[in-house]
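Note: hydrogens, waters and symmetry copies are ignored here, and every other heavy atom, side chains too, is used. Ligands are counted one by one from 1 in listed order, and the atoms in each one are counted from 1 as well.
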Amino acid sequence: MEAFRVVGGTRLAGDVRVPGAKNSVLKLMAASLLATGRTTLSDVPDIVDVRIMAELLRRLGCEVEHDPEAGVVAITVPQTPGHRADYDLVRAMRASISVLGPLVTRCGSADVALPGGDAIGSRGLDLHILGLTAFGAQIRVDHGFLVAEAPDGLHGAEVRLDFPSVGATENLLMAAVLARGTTTIENAAREPEIVDLCRMLRRMGAQIDGIGSSVLTVEGVEAMTPVDHRVVPDRIVAGTWAFAATITGGDVVVRNGEPGHLGVVLDKLTLAGAEVSVLGDGFRVVGPERPRAIDVATLPYPGFPTDLQPFVITLDAVAEGAAMVTENLFEARFRFVQEVARLGAQVRVDGHHAFVRGVPRLSAAPVEASDIRAGAALVIAGLVADGETVVSGARHIDRGYERMDHALRALGANVSRVEHPDFAFV
Ligand code: UD1
């Protein structure tokens with residue numbers, strides 16, 4: 001079992017480059033299933049989740065060439081792909097569920113194991129099911145699989161989501177592009193990764209209107225063609241570096257970061273005392289001597305992203321003053337609080353609110369990553385802790401961050417990857 005060992009006390013300084021977005025590339029890989037032939041994706045991050053999705057596509061009969069150094073994935077989809085996504089892969093990565101829409105619309109059936117994934121809450125699938133049912137699919141649960149069938153193909157429909165779910169919007173969109181007739185998805189999610197997916201689908205031949213808005217209209221087409229597509233930059237990784245610079249009082253240039261996708265986030269960091277400047281190919285964040293506490297409530301885009309919430313708690317933990325952090329999407333993201341409290345953070349949780357009172361410095365300890373973002377936030381917390389923090393569960397961080405230890409060392413941090421024995425009591 002691997003861990004990150006972090007020795008606190010460095011102000012991060014230098015350049016870091018953000019690759020394409022995890023939350024986009026996984027869906028773009030799933031979307032490749034909609035067209036027979038070779039789809040090529042570039043600026044693909046070298047992260048574990050991409051390897052899992054590549055394996056899933058291989059098991060569906062696709063040929064997948066992955067060059068992690070070059071950041072390229074080429075997927076060749078057969079005329080008739082398979083339609084079963086196994087439990088071992090879906091359990092390892094919840095985003096596997098995004099093959100459901102493409103498979104049912106393309107093959108007339110899909111068997112996708114019910115997911116596990118990040119330890120961040122119950123995360124239902126009712127909206128995915130509601131939409132696909134409206135498109136004419138018959139859906140049932142069979143021995144741990146969600147089975148969707150539409151032997152005569154899907155038809156368009158009007159679907160109103162009661163919450164702008166990212167995953168449901170994507171699945172329904174990918175199903176609708178090959179369905180007969182017109183679909184409207186109201187209260188659709190508007191995340192930049194959805195815009196990226198819409199752009200790729202449109203270039204593949206889909207007819208989609210309202211891209212970037214909360215009403216998407218899709219006119220189904222007969223068939224789609226494969227394309228080459230460059231993945232949108234990862235705004236969550238870019239935001240992670242922006243927080244890391246602010247928390248450590250550093251000076252970091254985030255290359256390929258898209259400030260337009262981080263509006264509320266960069267506003268909050270400015271309130272915390274950071275200086276943010278927009279550059280030609282990214283942005284720069286200069287942190288204050290000590291940040292000021294910031295109140296944040298997470299919301300669907302363009303609100304404050306839930307994936308950056310653990311970094312807010314980390315910032316508030318060492319800030320001047322006290323603040324309230326409200327989690328509106330995934331209640332279990334507050335599991336992170338118990339770990340950061342082991343580093344001396346003063347945090348009290350009441351329901352979906354966390355009240356944080358800043359202390360001047362954290363105090364190093366062994367801690368454990370429970371999901372991707374919690375893990376990365378614990379590493380950043382280690383940078384402002386006295387002594388040596390060991391964050392176990394490096395595998396969680398590797399799911400979403402490309403060699404985070406390398407990037408941190410390039411910014412001057414004392415961070416290394418170490419073997420961490422898993423204690424077994426018999
Ligand atoms: C995606 C992102 C994740 C991010 C989240 C919100 C990927 C791989 N993951 O997750 O990093 O934190 O968006 O921005 O892209 N819900 C239901 N029923 C449904 C679907 C969702 O109740 O059918 C609920 C979930 O339990 C959750 C909320 O809606 O409380 C948001 O979920 P959703 O937007 O679907 O997130 P994901 O697509 O799972």
Identified side chain to side chain donor-acceptor pair (under 3.5 Å) counterpart of His229 within the set Thr39, Asp196, Thr40: Asp196
Out of Glu193, Lys22, Arg333, Lys27, whose heavy atom is nearest to atom 15 (O) of ligand 1? Lys27
Assess the residue pair Trp241 and Val285 against the criterion (side chain to side chain contact (heavy atoms under 4.5 Å, CB included)); give the C-alpha distance rounded to whole Å, side-chain angles, the decisive distance to 0.1 Å, and a yes or no. CA-CA 9 Å; Trp241 296 124; Val285 180; over 6 Å; no
The answer for which part of Tyr301 has a heavy atom under 4.0 Å from ligand 1 is neither
Could you walk me through whether Glu327 and Thr298 pass the side-chain hydrogen bond (donor to acceptor under 3.5 Å, both in side chains) test, one step at a time? CA-CA 5 Å; Glu327 175 55 55; Thr298 63; 3.2 Å; yes
Can you list the atoms of ligand 1 that are under 4.0 Å from a heavy atom of Thr306? 6 (C), 12 (O)
What atoms in ligand 1 come closer than 4.0 Å to a heavy atom of Arg94? 39 (O)
Proximity to ligand 1 by part of Val166, non-hydrogen separation under 4.0 Å: both
Is it the side chain (CB and beyond), the backbone, both or neither of Leu127 that lies under 4.0 Å from ligand 1, heavy atoms counted? both
So, is Pro164 polar-close to ligand 1, with some N/O to N/O distance under 3.5 Å? no
Okay, side chain of Arg335, backbone of Ser370: is any donor-acceptor separation there less than 3.5 Å? no
Has the side chain of Thr248 got a donor or acceptor atom that lies under 3.5 Å from a matching backbone atom of Leu12? yes
Show the atoms of ligand 1 that are less than 4.0 angstrom away from any heavy atom in Gly167. 35 (O), 38 (O)
Quick check for you: to the nearest 0.5 Å, what is the distance between Phe304 atom CZ and Leu262 atom CG? 9.0 Å
Ring-plane angle category for Phe243 and Phe311, please: parallel below 30°, perpendicular beyond 60°, tilted otherwise. tilted
Purely on distance, is any nitrogen or oxygen of Ala168 under 3.5 Å from one on ligand 1? no
Show me which atoms of ligand 1 lie under 4.0 Å from any heavy atom of Phe163. 28 (C), 29 (O), 31 (C)
Is Glu368 salt-bridged to Arg342, going by a charged N under 4.0 Å from an acidic O? no
List ligand 1 atoms under 4.0 Å from His128, heavy atoms only on the residue side. 23 (O)
